[in-house]
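In what follows, every heavy atom counts, from backbone to side chain, and hydrogens, waters and symmetry copies are set aside. A note on names: the letters A, B, ... follow the listed sequences, proteins ahead of strands, and every chain is numbered from 1.
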Amino acid sequence: MVAKGSAAKARAGTTVENVEVARIFRELADLLEIQGANPFRLRAYRNAARSIEELPESVDAIARSDPDRLCELPGIGKNLAGKIVEIVTSGTLAALREVSRELPRGLTTLMGVRGLGAKRARALYDGLGIHTLKQLERAARAGRIRDLAGFGEKTEQHILQELAARSPGEQRVLRSVAAQYGETYLTYLRALPGVLQAEIAGSYRRCRETVGDLDILASVKPRTPLVGHFVGYPEVEEVMAQGPTKASVRLRGGVQVDLRVLDQESYGAGLYYFTGSKAHNIAVRRIGQKLGLKVNEYGVFRGKRRIAGRTEADVFRVVGLPWIPPELREDRGEIDAARTGMLPRLVELGDIRGDVQMHTTASDGRNTLEEMVEAVRTLGYEYLAITDHSPALRMVQGLDRDGFRAQMKHIERLNARLRHVTILRAGEIDILAHGALDLDDETLAEMDLVVVSIHSGFDLPEPKQTERVLRALDHRSVDILGHPTGRILNRRSPIALDLERVLRAAAERGIMLEVNAQPDRLDLDDVSVRAAIEVGVRLVISSDAHAAAELRFMRWGVDQARRGWARKEDIANTLPFREFRKLLHARR
DNA sequence: GCCGTTTTCGGCCCGACTGTTTTCAGTCG
């Protein structure tokens, strides 16, 4: 199916997406694994897939214009460069067709079932001819799987459970939701006497926008029965595994939580190890190896002697690196940066001086302007922009020209008597179908700050969508492009946009891009944040609050920006009000 | 299949738990 879709696209003359190339490589790796191919070859395909996925520019464009440059991408050599060119030009991959002559493509979906890997997929196919989830379920129900060598009754039951559990809960959990589950669990665990330290590690600690599961790490005094306490948590629905130092449970609501218990001497090494990412850990372990050291979750060892483990900083120190913030640990260049003293000093929540997108009851907000101002004051910000919607957004009753003018007058009166905080007269103006703005030029020119966003026409093809956005950015009153890709996590894909061109245009015109901090938007994403900074685009982090309580979403946006290597100076709303205002004036 | 402050050949991260095994393979993170 993958190859067919690509072929159709290639014929239509449009580009093959990076994620699609990555998916083909992953599928090929899975099939090769089932065939029993050299494991390092599989790793090469999977590394390449990841590398392509994280590439902020189009691999299709590189393949067409300058194929030699493909070999400069991490994990891509001559062979894989050739395969990328083949995918981009023909839409298919001969190697994939070849493997699927021997093995049905569907076999790889079996590997998506927890507990089934390549070996068992192969056994299921060879023994029972199973290559779809439906066949798998039927065979399990009929009790035919238990007779296969290496399988048993328990495995069969487990497969049925996994199949039953999977349909609704395949999505990753939003970081903000994971935070609620995780922090409560943590409080419960810490309350057990004998628990010395406990933290959430994994992708949650790395501040990824979504998490697959939660990894909790704890150190205890000897003989503390933490695993028992862990599985006894009232919200636990199912205990999936339980050993002396490790356990996995599934909570009501479907979130999986893993616990690892270590003693204090190993806590730092364990925290480091289970924070990941896997790719980062492997890279650092390799450095350790070259120094004659063994790095594992219990510490760093020279021979049998542990030379580090109590803290993360110790682990980094003995392999010759400074401590690297978890947000950067993705093996995207942070290790080289650390080695050469080039790690960025990342922006922090405390650096934020203003919030420049929020809504009031004048459009779709739930609190009045005065209530929002008061809430902003409590947070200690110096300024805020009120950015109610424009008229095109019918369903929320956006403001029209007169509405905005009345609101601006109102704000002027409020500003006259406010101290310590200034309200910017602003709006979130819709970008209409062909890139025109949803408010007259005169009113726009009177505003202190103009955010423009797309709220309709999400499905335009890339060239049209890109032209539409570029045209909107041509408007001289525009200051900020709001939630630039329009994606909603787990619900709506990003619009098709040539982000490179948009970034270049924004850089030229001094237009800022938003990192929208709504936990289901987090738009721009981490890779795009970094790409924006690299071409010199200034960013803002905005809560886009639709209620006073949502002003606190700012933290999710800051996390996201940090993952994109953003420093304080990359984020315009870390500026004091005078300087931020100067920045706005300089544009006009 | 990639990659190189030991290398263009010979490496490529490491340990816990489960279930099916009589000492370990498979899977996962």
Let's see if you can work this out: which of [options] has an atom nearest to the side-chain heavy atoms of [X]?
| X | options | answer |
| --- | --- | --- |
| A/Ala44 | B/dG15, B/dT20, B/dC2 | B/dC2 |
| A/Asn79 | B/dC14, B/dG1, B/dC12 | B/dG1 |
| A/Gln242 | B/dC12, B/dG19, B/dT18 | B/dT18 |
| A/Lys83 | B/dC17, B/dC12, B/dG1 | B/dG1 |
| A/Asn296 | B/dG15, B/dT20, B/dG1 | B/dG15 |
| A/Leu80 | B/dC12, B/dG15, B/dC2 | B/dC2 |
| A/Gln289 | B/dG1, B/dC12, B/dA16 | B/dC12 |

Would you classify [X] as touching base, sugar-phosphate or nothing, given that sugar-phosphate means primed atoms plus P, OP1 and OP2, and contacts are heavy atoms under 4.0 Å?
| X | value |
| --- | --- |
| A/Thr245 | sugar-phosphate |
| A/Pro39 | nothing |
| A/Glu153 | sugar-phosphate |

Can you confirm if the NZ or CZ of [X] lies within 45° of the ring axis of [Y] and under 6.0 Å from the centre of its six-membered ring?
| X | Y | result |
| --- | --- | --- |
| A/Arg562 | A/Trp556 | no |
| A/Arg175 | A/Tyr204 | yes |
| A/Arg120 | A/Phe151 | yes |

message: Rounded to whole Å, please give me the gap between CG in A/Leu73 and C1' in B/dG1.
response: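 It works out to 15 Å between those atoms.
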- prompt: How long is the line joining CZ of A/Phe40 and P of B/dC3, in whole Å?
  reply: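 About 15 Å, once rounded to whole Å.
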With rounding to whole Å, what would you report as the distance between [N] and [M] at their [atom1] atoms?
| N | M | atom1 | result |
| --- | --- | --- | --- |
| B/dC12 | B/dT18 | C1' | 28 Å |
| B/dT20 | B/dG26 | C1' | 11 Å |
| B/dT23 | B/dG29 | P | 29 Å |
| B/dT7 | B/dG11 | C1' | 9 Å |
| B/dT8 | B/dG4 | C1' | 8 Å |
| B/dC14 | B/dC9 | P | 25 Å |

field: Protein proximity profile, nucleotides 24-29 of chain B - base contact B, sugar-phosphate-only contact S, no contact -, cut-off 4.0 Å on heavy atoms
entry: --SSSB
- prompt: Taking the six-membered ring for Trp, are A/Trp323 and A/Phe316 parallel (under 30°), tilted (30 to 60°) or perpendicular (over 60°)?
  reply: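 Correct class here is perpendicular.
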- prompt: Taking only residues at least two apart or on different chains, which pairs with a member in residues 255-280 of chain A satisfy salt bridge (Lys or Arg N to Asp or Glu O under 4.0 Å)?
  reply: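 Checked against salt bridge (Lys or Arg N to Asp or Glu O under 4.0 Å) - neighbours excluded - the pairs reaching residues 255-280 of chain A are A/Arg260-A/Glu297, A/Glu265-A/Arg310.
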query: Hey, which of these two, A/Thr155 or A/Ala247, hits DNA chain B nearer its 5' end, going by closest nucleotide?
result: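 Here A/Ala247 is the residue nearer the 5' end.
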task: With ring-ring contact (aromatic ring centres under 6.0 Å, His included) as the test, would you mind laying out the steps for A/Tyr185 and A/Phe230 before giving the verdict?
output: CA-CA 9 Å; A/Tyr185 212 156; A/Phe230 175 75; 5.1 Å; yes
field: A/Arg492 atom CZ, over 12 foreign heavy atoms within 6.0 Å
entry: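 For A/Arg492, atom CZ is crowded (more than 12 foreign heavy atoms under 6.0 Å).
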B/dC3: pairing nucleotide in any strand, Watson-Crick or G-U under 3.5 angstrom: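 Across all strands, the one nucleotide that pairs with B/dC3 is B/dG10.
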task: Report yes if at least one side-chain N or O of A/Tyr298 is closer than 4.0 Å to OP1 or OP2 of B/dA16; otherwise report no.
output: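 Yes, such a contact exists.
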- request: With side-chain contact (heavy atoms from CB on, under 4.5 Å) as the test, would you mind laying out the steps for A/Ile307 and A/Leu293 before giving the verdict?
  value: CA-CA 9 Å; A/Ile307 59 169; A/Leu293 304 173; 3.6 Å; yes
